[in-house]
Amino acid sequence: MSVKKITKSDFAGFVDALIRTENVIGVQAKGDRFDFAPLESAKDLRLDYDVTLQPPKKFFLPPTEVLVTFELGGPYKSQLDCRKFILMGVHPYDVIAINQMDELFRQDNYDAHYMTRRNNASIIACDVARASDHVFASSMNTAVVKEGYDILLTDIGDSYLMDAPTVKGGDLLAKAKGAVDADPKALSQRDAVWAHNKKSLNKHELKCDPAYLPRLLAKAYKHPVWEERAKTCFACGSCNQVCPTCYCFNVQDDVNWDLKTGERTRAWDGCLLDGFTKVAPDHEFRKARADRFRHRLYRKAAYVPQKIGGQIACVGCGRCVAACLPDIANPVSVCNRLIDDLGIG
Ligand code: SF4
Ligand code: SF4
C-alpha cells in the first residue's frame, strides 16, 4: 500500500473513530512525563512525547499474570488473554525491542501467552518528534525502524504520513477518512525527519559500532569497572524494570485454602535483584552485586545477541540512565570506559 498523508485534524477523527470500536492504548501525559494508558479521546494522545516512563512490554508481558489454573485430579486450564488491542505511539527503538522479544518468545519454547497478546495487537508506531534527555538510539542504529509495525506515523508539520506495510495496518488505514497519497514533497520531508533522527537522538555517544560490543565484552570479564560501579548499586532492579528488552520472570504455583485448586503465576524478575539466582538448597550462584551488575551488560551485548542473529539487546532508549539513582547503569558510559581501557579491535 502506498504511503498516505493525513491532516492532523483528520487524524484526530480517525483516532476517535477507532476508540469507539477498538481497545486503544496510547501515549498520554502523566504530570510532566509520559506513559502508555487506555485512550479515551484523541485529544489525550501525545505523539510529541520524548520517552515513556515504562516501555510498552507490559502489554505483552504483564508484570504479573496467571498462566494456568489447576485442580486436584483435574486438567490444567491455560489462561490466555485473547483481547485485541491497538498500541498507538510506539517509538522506533521500542518497536525494535518488541521485534527482539517476538523472536525470543517464539524460538525454543514457544510462549503462547506472550505470542497470543502479540498476535492480537496492532502497533501504530511514530517517529520521535522530541529527543529525551538520555536517548542514544542514534548510537545503537535504532533511531528509525523499517519493520515490525502495522502503521508508522511521521509528523511533517500540519500532517502525518502513514505507512502501513501489513494487512492489519492496511485495514486500519482504510478507515482513515481524508487520507490521500503522499506527494513527493511530503515523502522528502519524512526523509529529512529520518536523517535528522539518525543523528540527533544521541545524548550519549557510543565510541564504537554496536556490532563490536560482543567482542569488546569478550575481553572485559575481569575488568575492574564491574566492582567499581557495583559499589554504589542499590540492587533496586529499576534498570531491569524500565528496560524494553529485559524480560526475565519468575514462576510460582499457589494452592488455594481449599487445598484442591490453585494457579500458576509469573511475575517480572530482574537480574540485579538479590535472590534472582537463588536455587535450592538456598544456593545463590550470582550473589555478588558486581557479578549481577556485569551480567546485565553481558546479557544485552553478548548473550542475547547469540540468540537473535547478533542484534544488541539495548535499543538506546535511555530509560535505565534516568531510573538509576546512583547514575551507574548507563550502558554507553560503561562500554566507553571499556573501550578507553581495552581499545577497539
Ligand atoms: S539497557 Fe537501558 S538504554 Fe538500553 S534498552 Fe535497556 S533501558 Fe534502554
Ligand atoms: S538502577 Fe542502578 S542502583 Fe538500581 S539496580 Fe540498576 S544499576 Fe543498581
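In this chain, numbering begins with 1 at the start of the sequence shown. Quick note: numbers below take in every heavy atom, side chains included, and nothing from hydrogens, waters or symmetry partners.
Using modelled atom types and a 3.5 Å distance limit, the side chains of Thr261 and Asp258 yield a donor-acceptor pair. For the residue pair Glu65/Thr265, the side-chain donor-acceptor check at 3.5 Å is not satisfied. For Gln252 and Asp254, the side-chain atoms include at least one donor-acceptor pair closer than 3.5 Å. Residues His223 and Asp341 bring a donor and an acceptor atom of their side chains to less than 3.5 Å of each other. Under 3.5 Å, the side chains of Thr277 and Arg292 contain no donor-acceptor pair of N or O atoms. Checked by atom type, the side-chain pair Arg294/Tyr221 shows a donor-acceptor distance below 3.5 Å.
Geometric assessment of Arg229 against the ring of Phe234 yields a negative cation-pi assignment under the 6.0 Å and 45° thresholds. Under a cutoff of 6.0 Å and an axis angle of 45°, Arg46 and Phe34 do not form a cation-pi pair. A cation-pi arrangement is present between Lys146 and Trp194 under the rule of less than 6.0 angstrom and at most 45 degrees off the ring axis.
Annotation: the span from Asp291 atom CG to Cys271 atom SG amounts to 11.5 Å, rounded to 0.5 Å.
Here the options are Tyr114, Phe60, Tyr110, the test is ring pair (Phe, Tyr, Trp, His ring centres under 6.0 Å), and the partner is Phe105; only Tyr114 passes. Tested against Ile123, the residues Val90, Ile86, Asn99 include a single side chain to side chain contact (heavy atoms under 4.5 Å, CB included) partner, Val90. Of the listed residues (Asp102, Asp150, Asp81), just one forms a salt bridge (Lys or Arg N to Asp or Glu O under 4.0 Å) with Arg118, and that residue is Asp102. For the side chain to side chain contact (heavy atoms under 4.5 Å, CB included) test with Tyr160, the passing option among Thr154, Leu47, Asp127 is Leu47; the others fail.
A donor-acceptor pair under 3.5 Å is absent between the side-chain atoms of Asp163 and the main chain of Val3, judged by distance alone. Arg296 places no side-chain N or O within donor-acceptor distance of the main-chain N or O of Asn240, the cut-off being under 3.5 Å. Thr116 places no side-chain N or O within donor-acceptor distance of the main-chain N or O of His113, the cut-off being under 3.5 Å.
Salt-bridge annotation for Asp16 and Arg20: absent, with no side-chain N of the basic residue lying under 4.0 Å from a carboxylate O of the acidic one. Under the 4.0 Å criterion applied to side-chain N and carboxylate O atoms, Lys307 and Asp108 are assigned as salt-bridge partners.
Relative ring orientation between His91 and Tyr93 is described as perpendicular, the plane-to-plane angle rising above 60° on a 0-90° scale split at 30° and 60°. Ring geometry for His134 against His204 counts as parallel: the plane angle stays under 30°, on a 0 to 90° scale with 60° as the upper cut.
In Glu103, the CD atom is crowded: over 12 heavy atoms of neighbouring residues, nucleotides or ligands sit closer than 6.0 Å. Within a 6.0 Å radius of OH in Tyr76, other residues, nucleotides and ligands contribute 12 heavy atoms or fewer. A 6.0 Å sphere centred on NZ of Lys8 holds more than 12 heavy atoms belonging to other residues, nucleotides or ligands.
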Legend entry - Verdict with supporting geometry, Phe276 and His295, ring-ring contact (aromatic ring centres under 6.0 Å, His included): CA-CA 12 Å; Phe276 177 71; His295 178 79; 7.0 Å; no
